[in-house]
There are 2 protein chains.
Amino acid sequence: MTSHPSRPSRSAGREVKEKSIFDAARSVFAELGFRGATTAEIARRAGVPKANLHYYFPTKEALYRAVTEQILTAWLSAASSFDEQDDPAQALAAYVGAKMDMARADPLGSRIWASEILRGAPVIRDFLETTLAEWLSSREKIIRRWMDRGQIRPVEPRYFFYMIWATTQHYADFETQITALNRGKPLSDEQFAVARAQVIDTVLRGILAPI
Amino acid sequence: MTSHPSRPSRSAGREVKEKSIFDAARSVFAELGFRGATTAEIARRAGVPKANLHYYFPTKEALYRAVTEQILTAWLSAASSFDEQDDPAQALAAYVGAKMDMARADPLGSRIWASEILRGAPVIRDFLETTLAEWLSSREKIIRRWMDRGQIRPVEPRYFFYMIWATTQHYADFETQITALNRGKPLSDEQFAVARAQVIDTVLRGILAPI
DNA sequence: GATGGATTTGACCAAGTGGTCAATTCGTCA
DNA sequence: TGACGAATTGACCACTTGGTCAAATCCATC
């Protein structure tokens with residue numbers, strides 16, 4: 001300890017402040033997209049003067065890149081849950097469940113991703129074309145192996161993944177709509193649990209080979 | 001005919017010009033969202049001076065409202081395809097197919113909707129809470145009737161609709177990503193036909209009662 | 001308690017924003 | 001043809017934008 005406990009150390013203060021700017025940026029980017037977001041609004045939500053924001057992140061784009069980077073990391077971590085099981089039903093249930101949990105726990109990340117795609121993915125295009133494309137094609141092989149073994153019905157794996165991504169991310173990206181359709185109240189934990197179970201169940205029934 | 005054929009009449013000229021501004025606005029709003037879109041960019045894509053744009057649409061918001069209005073109309077029209085069949089399999093196949101066709105034929109509409117939801121739906125909130133909520137709850141009743149008759153498995157109808165909406169709209173909203181994952185080429189008509197058929201098939205298998 | 005780098009921030013700037021307006025041009029019809 | 005309303009548009013305005021900067025303040029270390 002190099003400083004008084006009640007006053008944060010210099011480096012700890014930096015981390016806290018950086019994080020508060022970072023979090024404010026996430027929420028503004030998620031709502032308004034890159035172009036619509038303003039550094040003034042981000043600074044306001046972070047509770048710092050705008051000049052201070054530019055001390056920690058030199059440009060709006062640098063801040064945006066920092067935010068997207070974290071999102072891509074989180075995506076890959078959720079994706080790994082697909083690989084921990086050999087059985088199709090278990091692997092898919094784990095993966096879909098993890099994606100649903102992510103949509104619930106961190107909707108902002110999903111929304112920023114969506115907004116980035118909507119504008120043509122200028123920043124994450126490289127990720128899509130390399131890392132994500134490789135992930136998808138290697139998992140396609142796994143799906144095809146299951147098909148060959150007769151464990152699942154014959155499908156085009158990539159369109160199957162699109163359905164999983166679309167359905168799970170919908171609970172984050174369209175939360176406003178879901179809330180409006182739920183008498184103005186966000187889904188309760190119980191409601192979400194039902195939705196989560198049903199999504200897993202429907203996806204599995206859609207692809208598993210009949211007994 | 002009140003004017004020379006090669007020179008459009010005054011009112012026809014108005015319609016053409018209004019439409020070119022309207023279409024330019026759709027594409028800019030779809031890419032950049034309401035806040036990110038600029039009237040200058042819309043005017044540029046429409047090929048008219050900015051002052052001219054403001055002659056036809058007094059404000060950016062008026063233009064945006066005109067655009068969203070058309071989208072809501074189109075949504076309702078696709079939704080009606082759900083009601084034309086009594087058999088669950090046929091009704092659902094028609095509805096999902098219509099939504100897929102819409103995502104293919106007019107991806108911009110879907111993207112503007114998505115962007116509007118992302119920012120909290122300030123403009124279409126009323127539509128969501130009234131017209132859409134009513135549509136959903138009346139179709140929920142139809143689904144429950146099918147369930148009571150044992151024609152489909154027991155599910156929470158609204159989450160089932162969310163899956164349909166998410167999956168079909170994904171082909172419009174995430175076209176950039178889908179293209180990036182398809183070696184940089186947009187889905188061909190053949191590929192899309194496969195995706196369309198598979199989406200319908202998977203949705204049906206997920207909900208239809210086993211024989 | 002003096003030093004010096006890290007941090008903070010009000011004031012500022014050039015470029016871009018949505019929108020206005022008056023002067024001009026156009027098309028129609030008497 | 002002339003008159004008159006519809007349509008066009010360059011110039012302009014107040015305000016917001018992302019970003020800069022220099023002066024002030026903080027704080028770990030000696």
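Letters A, B, ... mirror the listed sequences (proteins, then strands); counts begin at 1. Computed from a prediction, not measured in an experiment: that's the story for all the values here.
A close approach under 4.0 Å does occur between a side-chain nitrogen or oxygen of B/Arg14 and OP1 or OP2 of D/dA7. Listed pair A/Lys50 / C/dA11 fails the phosphate criterion, with no side-chain N or O lying under 4.0 Å from OP1 or OP2.
Atom CD of A/Glu84 has more than 12 heavy atoms from other residues, nucleotides or ligands within 6.0 Å.
Between the CD1 atom of B/Ile112 and the CD1 atom of B/Ile71 there is a distance of 4.0 Å, given to the nearest 0.5 Å. Taking CG of A/Leu132 as the start and CZ of A/Arg125 as the end, the distance is 12.5 Å to the nearest 0.5 Å.
Look at CG on A/Asn52: it is 10 Å from P on C/dT7, rounded to the nearest Å. As rounded to whole Å, 17 Å separates atom P of D/dA6 from atom CD of B/Glu15.
In this structure, B/Trp165 has its ring center no closer than 6.0 Å to that of B/Trp113.
B/Tyr64 and B/Glu116 form a side-chain donor-acceptor contact under 3.5 Å, judged by distance and modelled atom types alone.
Taking every heavy atom of residues 53-67 of chain A and every atom of DNA chain C, pairs under 4.0 Å involve A/Tyr55, A/Tyr56, by number. Taking every heavy atom of residues 19-45 of chain B and every atom of DNA chain D, no pair lies under 4.0 Å. Scanning residues 112-123 of chain A for heavy-atom distances under 4.0 Å to DNA chain C yields an empty list.
Under the side chain to side chain donor-acceptor pair (under 3.5 Å) criterion, A/Asp126 pairs with no residue, sequence neighbours left out. Judged as a salt bridge (Lys or Arg N to Asp or Glu O under 4.0 Å), and not counting sequence neighbours, A/Asp86 has no contacts.
Aromatic ring orientation, A/Tyr95 versus A/Phe161: perpendicular (interplanar angle above 60°, classes split at 30° and 60°). Classification of the A/Trp146-A/Phe82 ring pair by plane angle, with boundaries at 30° and 60°, yields tilted.
Over its full length, the helix from C/dG1-D/dC30 to C/dA30-D/dT1 turns its helical axis through 0°, comparing axes from the five pairs at each end and rounding to 10°.
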**Prompt:** Given the rule in the salt bridge (charged side-chain N to carboxylate O under 4.0 Å, His left out) test, do B/Glu69 and B/Arg65 qualify, once you have shown the distances and angles that lead to the verdict?
**Reply:** CA-CA 6 Å; B/Glu69 209 126 323; B/Arg65 284 184 183 272; over 6 Å; no
**Full working for salt bridge (charged side-chain N to carboxylate O under 4.0 Å, His left out) between B/Arg45 and B/Asp23** = CA-CA 9 Å; B/Arg45 292 198 197 178; B/Asp23 291 345; over 6 Å; no
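The cationic group of B/Lys17 does not satisfy the cation-pi geometry with B/Tyr56, failing either the under 6.0 Å distance to the six-membered ring centre or the 45° limit from the ring axis.
Comment: B/Glu175 engages B/Arg111 in a salt bridge, judged by a side-chain N to carboxylate O separation of less than 4.0 angstrom.
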